[in-house]
Amino acid sequence: MTAIRVRFAPSPTGYLHVGGARTALFNWLLARKTGGTFILRIEDTDVERSTKESVDAILQGMEWLGLDWDEGPYYQSDNFNLYKEYVQKMLDAGTAYRCCCTAEELNRKRDLAMQEGRKPKYDGTCRERIDQPDAPYVVRFRAPQGGEVAFDDLIKGRIAFPAEELDDLIIQRTDGTPTYNFCVVIDDAVMRITTVIRGDDHVNNTPRQIQLYQALGFAVPQFAHVPMILGSDKARLSKRHGATSVIAYRDMGYLPEALMNYLVRLGWSHGDDEIFSREEMVRLFDIGNVGRSASVFNPDKLNWLNAHYIKTGDPERLADLLLPHLSSRNVSTLSGPALMDVVKSLQERAQTLEEMADRAVFYYNAPVSYDEAALTKFDKAHLATMYAVVAERLLSSGAANAADFDQLFKDICTENSWKMPQVGQPLRIALSGGTQAPGIGEIIHVLGVEEAVRRINATREFVAA
RNA sequence: GUCCCCUUCGUCUAGCCCGGCCCAGGACACCGCCCUUUCACGGCGGCGACACCGGUUCAAAUCCGGUAGGGGACGCCA
């Protein structure tokens, strides 16, 4: 058995979206699992719409996800001469011919055919003509007629098309540039691609491409067509369903391993397993276990996975990743508590890094206002004495870790016959400004006794005023 | 219109190829309870699906046929 060679072939007309990322992922997984080769090829034959920015955005998305490629990126625009050569070969061999039908003429015929309920395929006007008018022309593939073209899709099983459905597709435009269906075939053949994994919007192209392979004398690769990803309304996933760009997910505070895990489970499964490390997906992946039907992108589940990876992630790494989200909130970590401790106290409380950043702000910027609604639930006099007692005990106790502090508060409660909520909640407000925060002991441990006392005193004064 | 594909809880899916272990399992979300100094985490429980109709069979989510619905393609885009 020859080594697997797969490719991801995006067209650079936009960023890397989640659908493309999943296709890339499946390719990458198959290559890594089998020790094969993963090739990146940029399909930029449409010079009009292709941009350098898009290429960069795609590369950036791939890199962020850790989808490293072994060859490329190759650019189809570098291969124009090669395509020309093959067009000429086909012309010489008679498997292609010049067609002088104008675009307008073709459009008219197509519309008419649709109206009359016929298949809008090329009628073959120029297929058999022998004169060579001196007019602009395209080159068409002389598609074999009769019989059927079939292939065994690795995901969908056997798919067959009657040859009558296939018309003579254009392989070279009037301006001399080659078209997509022709270029893919040449490239996949020349790059010795063994397995073509792509979106299932390409199934209809596959039989034409197979005919081209055969006309050119190339070996036909295997095909695997991955179902699409839909939005919550079951329509093709688009911007109005929320973010579709991989990089947007990074900016919203998602971890690459979470997105990868989410994407791999969208369509593929391994029994009841949900959590897959990079190594596990490589080991367990099987293109045959990819489902045949489209799936809906579910942000809730992505959130759950992201929360999982935040919970179990390395605090040091998370701290690094959190930095940009903090600076966009005008938070500086140059002074104040160690960011790693902050992260640790927040790991179980954040679904995204954005959320973590929101919750981390108070550690660095002392509260400038308090949740007064929550504060008014407590008696003013009680607040004043409680804050004073706690501040004093904090300074004298010598407690040094979260558990110590929590114990200290229990002691204070019994000594003064206070209930824990009477102490905990006002303290939380003093320390963080609000009512939702990590445990009191944790906060003080991270903040340090000195800063904690400063904040408690500030709140005591605020309450007294 | 024509061709191709798809159809299990709201969503992602297991099971389907090799019928019985499935009055259909897991996960997300949702609801409830527990834990608890808040918010979370966690634990426990609940709600909830084989698109429909026929056939084959002792037995069908699983096999066969049809219907309906959805999607894709039909470009001198990729």
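Residue numbering restarts at 1 for every chain, and letters A, B, ... go by the order of the sequence lines.
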Requested in this report: For A:F182, check ring-ring contact (aromatic ring centres under 6.0 Å, His included) against everything at least two apart and list the hits.
Outcome: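 For A:F182 there are no ring-ring contact (aromatic ring centres under 6.0 Å, His included) partners, ignoring immediate neighbours.
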Query - By ring-ring contact (aromatic ring centres under 6.0 Å, His included) - contacts of A:W418 (at least two apart) - result: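 Scan of A:W418 (ring-ring contact (aromatic ring centres under 6.0 Å, His included), adjacent residues dropped) gives A:H382.
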Would you tabulate the side-chain donor-acceptor contacts of residues 9-16 of chain A under 3.5 Å, counting partners in other chains and residues two or more places apart, or write 'none'?
| residue | atom | partner | partner atom | Å |
| --- | --- | --- | --- | --- |
| A:Y15 | OH | A:T244 | OG1 | 2.8 |

Choose from [options] the nucleotide whose nearest atom is closest to any side-chain atom of [X].
| X | options | answer |
| --- | --- | --- |
| A:Q425 | B:C6, B:U38, B:C4 | B:U38 |
| A:S295 | B:U37, B:G42, B:C12 | B:C12 |
| A:L266 | B:U2, B:C4, B:C12 | B:C12 |

Not counting sequence neighbours, which residues clear salt bridge (Lys or Arg N to Asp or Glu O under 4.0 Å) with [X]? List them please.
| X | answer |
| --- | --- |
| A:E355 | A:R359 |
| A:R208 | A:D167 |
| A:R329 | A:E354, A:D358 |
| A:D168 | A:R127 |

How far does the [atom1] atom of [N] sit from the matching atom of [M], given to the nearest Å?
| N | M | atom1 | result |
| --- | --- | --- | --- |
| B:G26 | B:U8 | C1' | 13 Å |
| B:C53 | B:A61 | C1' | 16 Å |
| B:G72 | B:C64 | C1' | 27 Å |

Query - Side chain A:R292 and base B:C6 donor-acceptor under 3.5 Å - result: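 In this structure, the two groups form no donor-acceptor pair.
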Query raised in the report: Hey, are A:E392 and A:R460 close enough for a salt bridge, meaning a charged N less than 4.0 Å from a carboxylate O?
Result: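 Result for this pair is no, no salt bridge flagged.
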Report task. Answer yes or no: is there an ion pair linking A:R455 with A:E451, defined by an N-O contact shorter than 4.0 Å? Result ->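 A salt bridge is present here (some side-chain N lies under 4.0 Å from a carboxylate O).
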Requested in this report: Can you tell me the pairing partner of B:C74 across any strand shown, Watson-Crick or G-U wobble, with both distances under 3.5 angstrom?
Outcome: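 Base partner found: B:G1.
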Requested in this report: Scan every strand shown for a Watson-Crick or G-U wobble partner of B:A61, both distances under 3.5 Å, and answer none if you come up empty.
Outcome: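 The base-pairing partner of B:A61, which may sit in any strand shown, does not exist here.
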**Report entry** Sorted by number, the residues of residues 430-444 of chain A with heavy-atom contact under 4.0 Å to RNA chain B
**Finding:**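 Here the set is A:T435, A:Q436, A:A437, A:P438, A:G439, A:I440.
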Query raised in the report: In B/S/- notation, 5' to 3', how is nucleotides 27-32 of chain B contacted by protein heavy atoms closer than 4.0 Å?
Result: BSS---
Report summary line: Under a 4.0 Å heavy-atom criterion, the protein footprint on nucleotides 62-78 of chain B, written with B, S and -, is ---------SBSBSBBB
Query raised in the report: Who passes side chain to side chain donor-acceptor pair (under 3.5 Å) against A:Q145, sequence neighbours left out?
Result: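 Side chain to side chain donor-acceptor pair (under 3.5 Å) list for A:Q145, sorted by chain: empty.
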**Report entry** Whole-Å gap separating P (B:U13) and CZ (A:R22)
**Finding:**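 In whole Å, B:U13 P lies 8 Å from A:R22 CZ.
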Query raised in the report: What salt bridge (Lys or Arg N to Asp or Glu O under 4.0 Å) pairs are there with at least one residue in residues 283-308 of chain A, not counting sequence neighbours?
Result: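 Of all non-adjacent pairs touching residues 283-308 of chain A, those that pass salt bridge (Lys or Arg N to Asp or Glu O under 4.0 Å) are A:E274-A:K301.
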Query raised in the report: Base, sugar-phosphate, or nothing for A:A374, non-hydrogen atoms under 4.0 angstrom?
Result: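 No contact.
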Query raised in the report: Can you check B:C33 for me, syn or anti if syn means within 90° of 0?
Result: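 Base orientation relative to the sugar is anti.
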